[in-house]
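Every chain is numbered from 1, with letters handed out A, B, ... down the list of sequences. Scope of the values below: all heavy atoms of this structure, side chains included, with no hydrogens, waters or symmetry mates.
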Number of protein chains: 2
Amino acid sequence: MGGEGHHDCRLDHCHGGGLGEHPATPELTNRLRRKSRRVTGARQAILNLLRTQSHPISIRGIFERLPQGDCDLATVYRSMHLLEGMEMVKRYEFGDGVARFELLRDGDDGHHHHLVCTRCASVVEIEECGMGQLEERMAAAYGFAAVTHKLEFFGICPRCQGV
Amino acid sequence: MGGEGHHDCRLDHCHGGGLGEHPATPELTNRLRRKSRRVTGARQAILNLLRTQSHPISIRGIFERLPQGDCDLATVYRSMHLLEGMEMVKRYEFGDGVARFELLRDGDDGHHHHLVCTRCASVVEIEECGMGQLEERMAAAYGFAAVTHKLEFFGICPRCQGV
DNA sequence: ATTCAGATGCAAATCATTTGCAATTAGTAT
DNA sequence: ATACTAATTGCAAATGATTTGCATCTGAAT
Ligand SMILES: [Mn+2]
Ligand SMILES: [Mn+2]
Ligand SMILES: [Zn+2]
Ligand SMILES: [Zn+2]
């Protein structure tokens, strides 16, 4: 084996059909191949959908927005696990028992938080985060390693306040 | 009605049997009666158990520790809802799909956070929290009201680091 | 075209939590 | 102490999100 590898596919096997035209990002293609996973229509479709979202979206939400139930709900679950493992999406939980995901743009670790309305579930993206020092202090104080955190804010949005 | 109310129960209807001897706290008794809810063996048992815990405990965990499955799992679920509504316990979620609860000691709003080991699930109680100003800034910036937050830390505890 | 590990659809299985309902019980009134 | 009624409970069945077994299908290398 080995060699110059000119046998690589020209990255456009997406010859119509399947889940519609979802141009495979070289990004996705490379990451997947590195793990010998495949560039499938479902995965491309899901990533393309995530690209259009500006807030976390649930798996059911993804499924319903995918072109005419083209892909099975179980496949969306499996795909999100895969993408999460590849650090291409990030999982959030707002406490309602439903996981939500956001696309991780290349080079972005995606660390940020949300302000969620407890009445209508509208979301504001929050970039601020002064937790770094606290994490360090914590690691030092309790001997923990690789300390991270999950932080979400809740409240009542302006629109919902106008009873 | 009204009057001196000498018809009140002497708060010790717990004449043996039932869920064992679980002295009813006047605290519990009063809060419950105020809402015309009843002082039952299950509720006393659960509160007494919670009193012995120093970290959040799951509903199944409570159920299993209760004297010989004396009380139904569904009853524990219902009791925790009640107690949460009465602000006698606080709910925490560590992201594993299981809710955990802590007793709210009288006069304490119980606001604090946790440092959870992602390998063995051991927990460190964290009192520090400098989130107050952030909440205010957020309320001001986005017009949200009653802003609160959920914050938990994750990492690898000293014991689990010693692979 | 051939080949086969990786993916998918579909249905059934899990898991945590909730709910309907008939039987039981706490707290009050008699 | 007895009676009465709403609150509570046990038990089983229902939910809802997520996972999984398995036969079939497909991507990508040869
Ligand atoms: Mn976000
Ligand atoms: Mn705690
Ligand atoms: Zn942060
Ligand atoms: Zn805090």
Side-chain angles (χ1 to χ4, degrees), chain A residues 1-3 5-15 17-19 22 24 28-30 32-46 58-64 66 69-84 91 93-101, chain B residues 1 3 5-15 17-19 24 28-30 32-46 58-64 66 69-84 91 93-101:
Chain A
M1 338 193 124
H6 70 306
H7 58 293
D8 270 343
C9 289
R10 302 318 141 309
L11 60 68
D12 236 61
H13 281 193
C14 196
H15 33 41
L19 280 173
H22 293 295
L28 172 64
T29 304
N30 292 330
L32 283 175
R33 299 241 168 112
R34 224 174 282 146
K35 293 196 174 190
S36 67
R37 312 318 282 288
R38 287 164 185 177
V39 180
T40 68
R43 289 166 187 175
Q44 296 171 223
I46 290 173
S58 72
I59 285 185
R60 179 147 239 110
I62 293 173
F63 175 65
E64 287 168 355
L66 242 33
D70 236 344
C71 140
D72 195 76
L73 183 58
T75 297
V76 184
Y77 273 100
R78 287 190 270 229
S79 295
M80 296 317 288
H81 276 309
L82 176 76
L83 295 172
E84 190 185 9
R91 173 191 302 258
E93 330 226 0
F94 294 164
D96 63 351
V98 192
R100 290 177 171 76
F101 299 81
Chain B
M1 317 197 152
H6 70 306
H7 60 294
D8 270 347
C9 290
R10 303 317 142 305
L11 60 69
D12 236 63
H13 281 192
C14 195
H15 33 42
L19 281 174
L28 171 65
T29 304
N30 292 331
L32 284 174
R33 298 241 168 112
R34 225 174 282 145
K35 294 194 172 192
S36 67
R37 312 318 281 287
R38 284 162 188 179
V39 179
T40 68
R43 288 166 188 174
Q44 295 170 224
I46 290 172
S58 72
I59 285 186
R60 179 146 240 112
I62 293 173
F63 176 64
E64 287 168 355
L66 241 34
D70 235 344
C71 140
D72 194 79
L73 183 59
T75 297
V76 185
Y77 273 100
R78 287 190 271 231
S79 295
M80 296 318 288
H81 276 307
L82 177 77
L83 294 172
E84 190 184 8
R91 173 191 302 257
E93 330 225 359
F94 293 164
D96 64 351
V98 193
R100 291 177 170 75
F101 299 82

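- The nearest whole Å value for the distance from the CG atom in A:L32 to the P atom in C:dA5 is 19 Å.
- Counting atom types as modelled, A:R38 pairs a side-chain N or O with a base atom of C:dA5 as donor and acceptor under 3.5 Å.
- In this structure the side chain of B:M80 reaches within 4.5 angstrom of the side chain of B:I62, judged on heavy atoms.
- In this structure, A:R37 reaches the C:dA7 phosphate: one of its side-chain N or O atoms is under 4.0 Å from OP1 or OP2.
- Distance A:E93 CD to D:dT18 P: 8 Å, rounded to the nearest Å.
- Remark: side-chain polar atoms of A:R43 are paired, donor with acceptor, to backbone N or O of A:R38 under 3.5 angstrom.
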Query raised in the report: Can you give one letter per nucleotide of nucleotides 8-20 of chain C, going 5' to 3': B for a protein heavy atom under 4.0 Å from the base, S for sugar-phosphate only, - for none?
Result: BBB-----SBBBB
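- Note: CE (A:M80) to P (D:dA17) measures 16 Å, nearest angstrom.
- For A:D72 against A:F63, the heavy-atom pair with the smallest separation is C-CE1, 3.9 Å.
- Atom P of nucleotide D:dT8 and atom CG of B:L82 are separated by 7 Å, given to the nearest angstrom.
- For A:A45 against A:L66, the heavy-atom pair with the smallest separation is O-CD1, 4.1 Å.
- Distance, A:R34 CZ to D:dG27 P: 21 Å, rounded to whole Å.
- Between B:I59 and B:L73, the shortest heavy-atom contact is CG2-CD1, 4.0 Å.
- Minimum heavy-atom separation, A:E93 to A:R91: OE2-CD, 3.5 Å.
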